[in-house]
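Whatever order the structure lists them in is the order used to number ligands and atoms, beginning at 1. In this chain, residues are counted from 1 in sequence order.
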Amino acid sequence: MRTIRWGILGPGAISRKFVVDLKTVHGTDIIAVGSRSQDRATQFASEFDIPRVHASYDALADDGQVDAIYVGTPHTFHKEHTILCLRHGKHVLCEKPFAINAVEAAEMVQVAKEHRCVLMEAMMTRHLPAMVKVRELIADGAIGEVRMITAGFGFRAEFDPKSRLFDPALGAGALLDLGVYPLSLAFMLLGEPATIDARARLGETGVDEEAAVLFGYPDGALAVLTMAIRLDIPREAYILGTRGRIKIWPRWWVPSRISLKKPGGDEQILDLPFKGGGYAHEAEAFMDVIRSGRLESEVMSLDESLSIMRTMDTIRAQWGLRYPVE
Ligand SMILES: NC(=O)c1ccc[n+]([C@@H]2O[C@H](COP(=O)([O-])OP(=O)(O)OC[C@H]3O[C@@H](n4cnc5c(N)ncnc54)[C@H](OP(=O)(O)O)[C@@H]3O)[C@@H](O)[C@H]2O)c1
């Protein structure tokens with residue numbers, strides 16, 4: 001099996017978690033890290049035993065030893081950093097949300113295609129064994145036709161106007177940071193919605209602190225999705241079908257248990273643990289795409305990432321929420 005040589009761009013909170021898991025994945029070599037600061041790059045490199053240290057993202061992207069780069073910077077930089085890496089011929093696994101809006105996402109996809117590099121949104125949830133099982137159960141008709149999805153993601157963060165969660169300059173708000181998970185679940189099971197109704201409470205910094213989104217589908221199915229950065233939303237999700245329902249147990253976006261309940265029957269519990277913190281599965285899926293010579297993942301396709309971004313644009317337009325970078 002060909003070893004994939006990784007570079008890490010932006011050694012922050014999520015990159016740290018990702019690297020802990022990536023180190024356990026067979027056929028990987030984390031050989032480089034790039035930061036805006038020499039000190040932060042050096043510190044990250046020594047913590048994780050990474051040999052090549054770059055004091056700029058350009059230098060990392062230009063590193064000829066690197067095959068693939070994980071982009072772990074705040075949302076507003078995903079486009080710039082992803083395109084930088086793609087232009088240097090690197091495959092890119094880019095953190096969620098894929099970009100700030102659909103225009104940015106389309107540019108990223110275009111450059112990936114031009115340079116024939118793999119590009120994938122790091123929506124880790126989709127690659128976990130429990131989610132693979134959910135897809136299988138639904139495809140096998142275990143709950144009949146899916147009629148409704150209910151899912152939410154929210155926690156009470158301390159208000160800090162300078163933080164990534166609250167600062168509009170960093171693409172803050174519940175939708176892009178957390179809402180993208182329930183939206184992505186609905187897309188995975190029902191595809192692009194035909195109708196979108198969204199309400200939000202915008203907070204002091206002008207971003208959505210709580211929001212509810214209702215998707216409607218041509219066959220009448222519904223997705224009821226909630227998100228918040230100032231409220232603790234219950235952490236299970238349900239998929240309701242004409243012949244039963246699936247519960248995805250807390251935390252549903254990193255699940256290790258699901259259950260199946262048919263009318264009149266007992267609840268059947270299925271335990272499907274994930275490895276480490278859950279990030280190894282998306283890394284394996286991404287590397288499989290690279291090794292196979294394909295250019296994108298079927299589980300998290302570029303069309304779907306684009307469609308999710310378009311939908312988030314529509315939702316924000318309903319709230320009148322635009323970011324300074326737009
Ligand atoms: N998949 C998941 O489970 C998950 C979980 C949390 C977050 N995320 C996503 O990952 C991304 C990063 O989140 P995070 O919490 O890791 O962010 P973070 O720690 O605040 O920032 C990550 C790194 O980005 C770099 N950076 C570049 N320009 C920056 C700027 N102008 N301001 C701040 N940092 C900048 C910094 O590295 P240097 O300055 O050292 O280069 C920083 O350490 C977000 O898009 C988020 O949605 C995903």
Quick one: which ligand 1 atoms are inside 4.0 Å of a heavy atom on Ser35? 38 (P), 40 (O), 41 (O)

Can you tell me if Gly72 contacts ligand 1 (heavy atom of the residue under 4.0 Å from the ligand)? yes

Glu267 and Ser259: side-chain donor and acceptor closer than 3.5 Å? yes

Is there a path of hydrophobic side-chain contacts, each under 4.5 Å between heavy atoms, that joins Val325 and Val71? yes

What do we get for Leu176 next to ligand 1 when only non-hydrogen atoms under 4.0 Å count, side chain, backbone, both or neither? neither

Will you find, in the side chains of Arg126 and Ser184, an N or O donor that is under 3.5 Å from an N or O acceptor? yes

Under 3.5 Å, side chain of Thr28 to main-chain N/O of Val25, donor-acceptor pair present? yes

With respect to Ser15, determine whether any N or O atom, backbone or side chain, lies less than 3.5 Å from an N or O atom of ligand 1. no

Does a side chain donor of either Glu192 or Tyr217 reach within less than 3.5 Å of an acceptor in the other side chain? no

Distance to 0.1 Å, residue and atom name: give those for the protein heavy atom nearest to atom 17 (O) of ligand 1. Arg164 NE, 3.3 Å

Taking only heavy atoms of Phe77 into account, list the atoms of ligand 1 that are under 4.0 Å away from them. 28 (N), 29 (C), 30 (C), 31 (N)

Which ligand 1 atoms does Asp177 reach within 4.0 Å, using its non-hydrogen atoms? 47 (O)

Quick test: of every protein heavy atom, which one is nearest to atom 48 (C) of ligand 1, and how far off is it to 0.1 Å? Glu95 OE1, 3.1 Å

Give me the atom names and distance for the closest heavy-atom approach of Ser15 to Gly72. OG-CA, 3.8 Å

Closer than 3.5 angstrom, by distance alone: can the side chain of Ser35 be matched with the main-chain N or O of Gln38 as a donor-acceptor pair? no

Among all protein heavy atoms, pick out the one at the shortest distance from atom 32 (N) of ligand 1; state its residue, atom name and that distance to 0.1 Å. Arg36 NH2, 3.9 Å

Is the side chain of Asp67 donor-acceptor paired with the backbone N or O of Ile4 at a distance under 3.5 Å, no angle test? no

Parallel, tilted or perpendicular: ring planes of Phe286 versus Trp6, cut at 30 and 60 degrees: tilted

Atom 4 (C) of ligand 1: closest protein heavy atom, distance to 0.1 Å, is Ile14 CD1, 3.3 Å

Backbone of Leu321 reached by a side-chain donor or acceptor of Arg316 within 3.5 Å: yes

Measure the distance from atom 45 (O) of ligand 1 to every protein heavy atom, then report the residue, atom name and distance (to 0.1 Å) of the closest one. His75 ND1, 2.8 Å

Taking atom 9 (C) of ligand 1 as the reference point, the nearest protein heavy atom with its distance: Lys96 O, 3.5 Å

Thr314 side chain to Gln318 side chain, donor-acceptor N/O pair below 3.5 angstrom: no

Is there a polar contact between ligand 1 and Ala122, counting only N or O atoms under 3.5 Å apart? no

What protein heavy atom is closest to atom 43 (O) of ligand 1, reported as residue, atom name and distance in Å? Gly12 CA, 3.2 Å

Does His78 have a non-hydrogen atom less than 4.0 Å from ligand 1? yes

Within the 4.0 Å heavy-atom cut-off, what Pro11 brings close to ligand 1 is both

Just going by heavy-atom distances, which of Tyr181, Phe18, Tyr57, Trp253 is nearest to atom 2 (C) of ligand 1? Tyr181

Consider only side-chain N and O atoms of Asp63 and His54, and report whether a donor and an acceptor are under 3.5 Å apart. yes

Distance to 0.1 Å, residue and atom name: give those for the protein heavy atom nearest to atom 19 (O) of ligand 1. Ala13 N, 3.1 Å

For ligand 1 and Tyr279, I'd like to know whether there is a polar contact (N/O to N/O, distance under 3.5 Å). yes

